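Read the structure below first, then the notes.
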Amino acid sequence: MISKMNKLSFLIYHREYEMFLEKLRDLGVVHVEKRQGAEMDANLQAFMQKRTAYQSLLKNMTLAAASFEGTASLSPQGNMTIEQVVEGYETQQEHIQALNMQLPVLDKEIDAMEVWGEFDWQVIDRLQANDWQIQFYCCPEKVFDETWVDAYNATIINRKGGQSYFVTVNSAPVELEAEVVRLPKRCLSELNRDREALKADIKKANENLDRFCIDYMPVVEKALDALEGDINLMEVEQLGGERMADGSIVMMEGWVPVENDAEVRKMLDESGVYYEIRPAEKEDNAPIKLKNNWFSRSFELLTKMYGMPDYGEFDPTPLLAPFYALFFGMCVGDAGYGLLLVLLGLYLKKKLSGSMAGLMNLLITLGVATTIVGALFNTFFGFTLTNFNLPEWMQSLIITGDWEGTTYNKTMVIALLVGMFHICFAMTVKAIGSTVRYGFKNSLSDWGWWLLIGGSVVVATLNYLGVIDMEVSKMAFIGIGVVSAIGIYLLNNLRRNVFVNVGAGLWDTYNMATGLMGDLLSYLRLYALGLAGGMLGGVFNDLGMQLRDSMGGFLFGVPGWICFALIFVAGHALNIALSCLSGYVHSIRLTFVEYFKNSGYDGKGMEYKPFSSHKKND
């Protein structure tokens with residue numbers, strides 16, 4: 001649900017403005033409205049640029065700390081300011097980059113020396129000191145002239161890649177139709193040692209950087225928290241207040257939840273400022289604060305991803321929560337995977353920070369839904385549950401086979417039925433929401449479509465179940481069509497000409513006819529993804545058991561069981577990752593596209609963000 005808001009307006013004497021903002025921030029419950037068209041000064045822009053730099057630094061340090069495999073110091077040596085941490089990080093990064101730049105140079109020199117093999121440059125230098133000229137050449141093998149061997153004392157050292165590498169030893173330099181090779185003045189073994197030493201230096205430098213990041217990440221986090229608080233204060237000071245009466249008075253407006261009204265009034269009375277408080281109205285575009293129970297609260301993340309509702313609407317979270325959990329469970333469709341998600345959520349909830357608790361609660365909820373749906377759909381880690389010796393009452397709950405009287409799989413039909421109900425439910429939400437916001441007379445078109453679609457589904461269901469016969473069904477369809485047509489084509493807007501209404505109704509009919517069928521068929525992805533995941537899991541199981549059986553007579557079958565375990569763990573790890581990704585993405589799509597479109601939800605509301613210190617706001 002959406003918390004009720006009060007509109008707050010107050011006037012502050014300019015000399016008391018900064019002190020008042022500090023009190024308001026300490027209170028931490030007032031959402032200050034920023035003025036349209038207000039501009040930030042250079043100081044605030046500089047602070048925001050610094051925040052971006054600190055956020056980037058913290059992200060890089062977090063990644064570096066996560067890759068560290070050694071043992072970090074229990075406490076950093078000495079107290080460093082954020083400026084010193086930034087300088088230290090950049091210095092170590094530059095050192096690592098300089099080392100990394102040396103590695104390609106060494107690799108190039110090693111590649112150049114490998115074709116010549118190991119030799120001592122001191123011997124070459126002594127020969128040259130005694131007036132012997134040693135020259136290194138390479139040329140294509142076909143170009144090499146055998147007469148060079150006798151004429152110039154040429155000796156082939158290596159042949160590689162169609163090239164001949166050779167040296168000449170003469171008392172004076174010679175010129176041949178071959179490429180002169182310039183070699184580094186170090187032997188191959190020395191270059192290899194330098195390369196290994198350089199790699200060790202790079203590894204040590206990276207470890208030092210990772211250890212530095214672990215030790216001094218708290219400094220960056222603390223500085224970022226302080227910076228966020230300063231930016232928040234400066235934004236409110238510059239963008240929230242409007243100076244009046246030649247700058248001597250500052251007028252501010254904001255919003256406060258009704259449950260916090262008393263403490264705000266007390267603070268304002270003690271401050272001695274002039275203020276007015278009134279209940280927010282639908283047209284005020286008040287910020288939205290969601291307030292849900294433990295189950296729906298986990299799904300508020302999805303609502304915020306799409307967009308908050310308007311103040312005149314209602315919170316869609318409690319309505320989308322059960323459907324999203326059902327869709328995710330149908331997409332993953334394996335009871336074993338669901339149990340793993342529950343256990344993973346419980347484990348991470350203890351390990352991660354409190355801010356991640358909501359996300360872990362969502363993971364646990366989705367895991368429970370997956371376990372239930374997977375059990376009903378007859379799958380547990382790719383195995384068919386009906387093949388196990390389950391109690392009869394459990395066997396009766398499992399859904400298998402084709403729908404009675406058809407050749408269609410039951411899970412496929414259930415996916416379509418779920419989609420049909422979801423769309424009808426969305427249209428019901430749209431009609432009720434439109435009535436609440438605009439009145440019943442201005443919502444007749446929505447109710448007409450609701451009656452046509454929902455009523456037709458109800459009548460068809462009753463006829464299929466044998467509750468009513470075909471004649472009664474025909475009469476009901478005719479009655480539903482006539483009544484709904486009046487709302488759709490004649491009364492969709494009471495302030496317009498009837499012919500304009502008919503045209504608008506025909507346009508809505510075209511959109512409905514082309515959209516509803518596509519929306520309904522979109523729910524087949526629930527069946528298809530669940531089926532694909534179950535089949536892939538079964539393939540891994542079969543592959544593992546075939547290897548186990550083929551090695552059954554070797555060392556008491558132990559290697560076979562080891563192969564089975566490896567394939568089972570690796571295969572199902574891959575399958576659960578793909579299934580969860582598909583479940584997340586396609587459940588989001590069915591919610592954001594099919595449901596929100598048919599329910600008329602826009603998601604253009606503004607989230608409630610109280611003016612407070614960064615830590616309190618978190």
Side-chain angles (χ1 to χ4, degrees), residues 1-2 282-283 285 288 290 292 296 299-300 302-324 326-327 416-461 480-481 483-496 501-523 587-605:
M1 61 177 292
I2 298 176
K282 295 179 181 179
E283 298 79 13
N285 192 29
I288 305 302
L290 302 180
N292 291 296
S296 300
F299 293 85
E300 289 180 358
L302 304 178
T303 301
K304 294 176 181 179
M305 285 174 59
Y306 188 85
M308 302 293 277
D310 291 331
Y311 190 71
E313 293 181 313
F314 52 86
D315 182 10
T317 309
L319 303 179
L320 70 85
F323 285 106
Y324 185 88
L326 175 62
F327 295 158
L416 289 175
L417 292 177
V418 167
M420 187 180 300
F421 177 78
H422 196 221
I423 291 175
C424 292
F425 181 79
M427 297 181 72
T428 304
V429 170
K430 181 179 181 179
I432 295 175
S434 180
T435 301
V436 171
R437 297 183 68 184
Y438 309 115
F440 181 75
K441 292 190 297 183
N442 296 319
S443 308
L444 294 176
S445 177
D446 294 328
W447 283 110
W449 284 113
W450 172 84
L451 178 62
L452 180 63
I453 305 300
S456 299
V457 170
V458 171
V459 171
T461 303
I480 290 172
V483 175
S484 60
I486 294 174
I488 295 171
Y489 297 105
L490 301 179
L491 305 177
N492 51 56
N493 191 328
L494 299 179
R495 293 183 295 273
R496 286 192 310 208
N501 282 346
V502 171
L506 291 173
W507 178 249
D508 287 344
T509 302
Y510 170 77
N511 291 330
M512 283 288 183
T514 56
L516 278 179
M517 184 56 67
D519 292 344
L520 181 60
L521 293 178
S522 294
Y523 290 85
S587 299
I588 281 281
R589 185 192 186 283
L590 291 175
T591 301
F592 285 4
V593 179
E594 275 69 27
Y595 174 70
F596 281 157
K597 180 183 69 174
N598 288 291
S599 66
Y601 179 72
D602 293 327
K604 297 180 179 179

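All of these numbers come straight from a predicted model, not from anything done at the bench.
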Minimum heavy-atom distance between Pro318 and Asn292, given as atom pair plus value: CG-OD1, 3.3 Å
Min side-chain heavy-atom separation Val429-Leu319 under 4.5 Å: yes
Heavy-atom closest pair, residues Ile2 and Pro309: CD1-CG, 3.7 Å
Over all atoms of both residues, closest heavy-atom pair of Tyr601 and Met308: OH-C, 3.2 Å
Any donor-acceptor pair under 3.5 Å from Asp310 side chain to Gly603 backbone: no
Side-chain heavy atoms of Tyr306 within contact of Thr591, under 4.5 Å: no
Geometric class of the Phe421/Phe323 ring pair [parallel <30°, tilted 30-60°, perpendicular >60°]: tilted
Atom NZ of Lys604: over 12 foreign heavy atoms under 6.0 Å: no
Within-4.5 Å side-chain heavy-atom neighbours: Trp449 and Leu452: yes
Ser443 side-chain N/O to Ser434 backbone N/O, donor-acceptor pair under 3.5 Å: yes
Pairing residues for Thr428 by the side chain to side chain donor-acceptor pair (under 3.5 Å) criterion, not counting sequence neighbours: Trp450
Inter-residue atom distance Ser445.OG - Leu490.CG, 0.5 Å rounding: 11.0 Å
Minimal non-hydrogen separation, Tyr324 against Ser587, with atom names: CE1-CB, 3.3 Å
Ser522 side, atom OG; Leu416 side, atom CG - distance, nearest 0.5 Å: 10.5 Å
Working for side-chain contact (heavy atoms from CB on, under 4.5 Å), residues Asn285 and Tyr311: CA-CA 6 Å; Asn285 192 29; Tyr311 190 71; over 6 Å; no
For the student: nearest non-hydrogen atoms of Thr303 and Pro316, plus distance: CG2-CG, 4.0 Å
Nearest atoms (heavy-atom pairs only) where Leu451 meets Ile480: O-CG2, 3.4 Å
Straight-line distance of Tyr523 OH to Leu417 CG, nearest 0.5 Å: 12.5 Å
Side chain to side chain donor-acceptor pair (under 3.5 Å) partners of Tyr489, counting only residues at least two apart: Thr509
Option passing side-chain contact (heavy atoms from CB on, under 4.5 Å) with Phe327 (candidates Leu590, Ile588, Leu320): Leu590
Spatial distance of atom CE (Met305) from atom CD (Glu300) [nearest 0.5 Å]: 14.0 Å
Any residue meeting side-chain contact (heavy atoms from CB on, under 4.5 Å) with Asn442, in chain and number order, not counting sequence neighbours: Tyr438, Arg495
Parallel, tilted or perpendicular, as decided by the 30° and 60° cut-offs, for the rings of Phe440 and Trp447: tilted
Spatial distance of atom CG (Asp315) from atom CG (Leu290) [nearest 0.5 Å]: 4.5 Å
Lys282 and Glu313, any side-chain heavy atoms less than 4.5 Å apart: no
